[in-house]
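Computed from a predicted model, the values in this text were never measured in an experiment. Here is the naming used below: chain letters follow the sequence lines, and residue numbers restart at 1 for every chain.
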Number of protein chains: 4
Amino acid sequence: MSANQSVPDVTRRSERSRRAIYDAALALVAEIGYPKTTIEGIASRAGVGKQTIYRWWSSKADVLLEAFLDLGEQAAEAAGQAPYTFPDTGDLAADLKQVLRATVDEMRDPAFEAPSRALAAEGVVNEELGREFVAKLLEPQLQLYVDRLRSAQDAGDVRPDVDPRIALELFVSPLAQRWLQYTAPISYEYTDTLVDYALNGIAPR
Amino acid sequence: MSANQSVPDVTRRSERSRRAIYDAALALVAEIGYPKTTIEGIASRAGVGKQTIYRWWSSKADVLLEAFLDLGEQAAEAAGQAPYTFPDTGDLAADLKQVLRATVDEMRDPAFEAPSRALAAEGVVNEELGREFVAKLLEPQLQLYVDRLRSAQDAGDVRPDVDPRIALELFVSPLAQRWLQYTAPISYEYTDTLVDYALNGIAPR
Amino acid sequence: MSANQSVPDVTRRSERSRRAIYDAALALVAEIGYPKTTIEGIASRAGVGKQTIYRWWSSKADVLLEAFLDLGEQAAEAAGQAPYTFPDTGDLAADLKQVLRATVDEMRDPAFEAPSRALAAEGVVNEELGREFVAKLLEPQLQLYVDRLRSAQDAGDVRPDVDPRIALELFVSPLAQRWLQYTAPISYEYTDTLVDYALNGIAPR
Amino acid sequence: MSANQSVPDVTRRSERSRRAIYDAALALVAEIGYPKTTIEGIASRAGVGKQTIYRWWSSKADVLLEAFLDLGEQAAEAAGQAPYTFPDTGDLAADLKQVLRATVDEMRDPAFEAPSRALAAEGVVNEELGREFVAKLLEPQLQLYVDRLRSAQDAGDVRPDVDPRIALELFVSPLAQRWLQYTAPISYEYTDTLVDYALNGIAPR
DNA sequence: TGTTAACCGAGACGGTACGTCGTGTCTTACC
DNA sequence: GGTAAGACACGACGTACCGTCTCGGTTAACA
């Protein structure tokens, strides 16, 4: 009376196919956009049977999420150091501005933008994927802000009663929203301003 | 030298069908979700031919956007008169907290949440719709924050050099991101904290 | 309690529209073929409202049948004499061969062929139209053969016990079938042979 | 330099689906008539996806043609062995009359009439299908007449200079036309008369 | 000489079917 | 047993016409 929906045997999995599927998925999303990217299209481009995709992933979004995670790991490995680091020069404002400027650059990189937007969009409407996206991609990066802000609290540059997990949203979320929803253009000047407003508040002192 | 792709005659448009289509679209999105909502489903539920939808709208997202806009107008008309208002008691922090708490309530209202998320998600991946969504829905509401902040500047409660269009993002965007992307839970306490941080900054005084 | 399906008033009918509809129908059938000819297409080409067609005809086939009949009348009128005539030189074989050769010519005239085939095809599958087609178009022409054969019987060139209505089919039907069903090519030589076989039989004397 | 429009793999074809499609097509044509028979209707009745029809046939007419051919093969297989046979008792007139009477019976059999008329009608207006219809269905049967007439020529019952392919039309085509175009009723007496006229001619001896 | 009822053009409407595309499942043959 | 290939049932797409229906605007017979 054993289950018949054969659990795939990971040890026999074809590494070759997996790589080809990642590449195809990322390429198609970049070239024709997420909505026009199809499982059949990925399979065909990767020279792979459809079943091979359905065996290992549950949906188009799932494929793309893993492909995107893999892309990040590849990039980090290539760069040859820890995937996530955050500058700590002692000057909090400068460090934040630097990281946000780098984020702006990333947002403008087409290779990053297409899959990133696609996953974000899917996550808005598909809570499960959304939470996975946050847990695996977003939160680890936000945690770096938390760490840096705690270090700033130790140095007395941030009030000790401030919750770093909330504070970081003051500069990260506005940028994210402008980028995701096209509410307004993004620029270095803008992110610098965000840091200034957030650190010092907008009320007169 | 005129275009030949016959523009439909707006004066002959059936008001009855338009209403039925709005109702069906909103109901279906709420009941079965945006991805499972189809043009055929809307047409069938509205008792309308598919062509009647394609004649007046260009896509499922377009239908939903107009339906949602109409819903807002209907609601405003039914309730008071002015569709958009913002409290101005003289106490900026209190006013902001009140509005944000109302926004939290709205975000938890299923009738609002389903179409709203769907449109936001679609806008992330479809720039044209995204910009339309912002222009017709988001920006008018953000403008109310701008006005209130300017009034606060006149009262000396906000530094005169602060750009209100950027400042408002300090409390609006974090909430938006938590809701859209499920990065963290939302609550009155959270929005209150955002207002406090944003108004006073997080650096020690 | 009178019927509400207003019987159209023939006296007020627009002659202009009728002509335009006939012309459009015949032109479209010749240009794009009967199956691709649509009521909307005819209306549009004739510069006429769809309702004007539906008011006076019951179907596409009906329009075409009348258009074709009208075409015949026009042609006869233009030729300036009786629409149907049949030579009677006293030489039955020669007369029949001449008429059949003329029929072959007609079958090869594109202006005649397209609508003629279309009506015949429709008549095969739509008994009512088929009978109307026969009664109004085919039978009057076959009657001329009957008359000529009777004249031949009077002259002693055809056995008196022969039924002319059946006899005529011996040369008319084979030609018709070859043309309608593409069973074999048609030519003067072929029709001449048919006349010879039919008149003299195929058994040795 | 090979074509890229993926030719389906015939070896993987579902025999089950093909049979179901044939049955559904023939049943629908018999029940509701050819014009009201739709691809969707056939697919639905056969419990088959539309694509499965489009994969193997190019049109409704094509499906019906193959279904009809298959029906003939099935019937022949079920009955005797040889699909096409023709009596040869030595009495040409009797043999022809027998076969034509059988044809009259067939023409009155609803199971045969509906698809047969539909295909004939389609063939009138669609030359390609018409020629296929003739080549696969009509001509093989006409060839039997040719053979029988040649045998009669050997026996001296038909003049040696007569072309059998033409001669057979003297009795076959009139019957075909009366049936197809409703030009006149058909009966045993009528077909008997045709044979008499054709064999002996209509001119006095 | 207005009035008015019908035809007329135009085309929106609720429908049905089209032929295509993609889904997720299944089967086949290969490795 | 994983794999490339692809047939299959299914469902939705966006388009084309169907036949019905309104909507002004002519137009001809009657008041």
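Using a 4.0 Å heavy-atom criterion, one finds that C/Gly41 contacts no nucleic acid atom at all. Among the heavy atoms of the strands, none lies under 4.0 Å from D/Thr11.
Residue A/Ser17 places none of its side-chain N or O atoms closer than 4.0 Å to OP1 or OP2 of F/dG2. A sub-4.0 Å separation between OP1 or OP2 of E/dC13 and a side-chain N or O of B/Arg55 is present. Within the structure, a side-chain polar atom (N or O) of C/Trp56 is placed less than 4.0 Å from OP1 or OP2 of E/dC8.
Taking the centre and axis of the six-membered ring of B/Phe68, the NZ or CZ atom of B/Lys136 falls outside the cone set by 45° and 6.0 Å.
A salt bridge does not link B/Asp70 to B/Arg18: none of the charged nitrogens lies less than 4.0 Å from a carboxylate oxygen. A salt bridge between C/Glu31 and C/Arg45 is present, with a side-chain N of the basic residue lying under 4.0 Å from a carboxylate O of the acidic one.
With rounding to whole Å, A/Lys36 atom NZ is found 21 Å from F/dA12 atom P.
Set against E/dC18, E/dT25, E/dC8, the side chain of D/Ile39 has E/dC18 as its closest nucleotide. Of all nucleotides listed (F/dG2, F/dT15, F/dA4), F/dG2 comes nearest to the side chain of A/Arg12. Here the nucleotide nearest the side chain of C/Glu40, chosen from F/dG19, E/dG19, F/dA9, is F/dG19.
Side-chain atoms of D/Thr38 and D/Leu28, non-hydrogen and from C-beta on, never get closer than 4.5 Å to each other.
No donor-acceptor contact under 3.5 Å links the side chain of B/Lys50 to the base of E/dG15. Residue D/Gln51 places no side-chain atom within donor-acceptor reach of the base of F/dC8, judged by atom type and a 3.5 Å distance cut-off alone.
The 5' end of DNA chain E is approached more closely, in terms of each residue's nearest nucleotide, by B/Ala46 than by the other of B/Ala46 and A/Thr38. The residue among B/Arg16 and C/Thr52 whose nearest nucleotide of DNA chain E lies closer to the 5′ end is C/Thr52.
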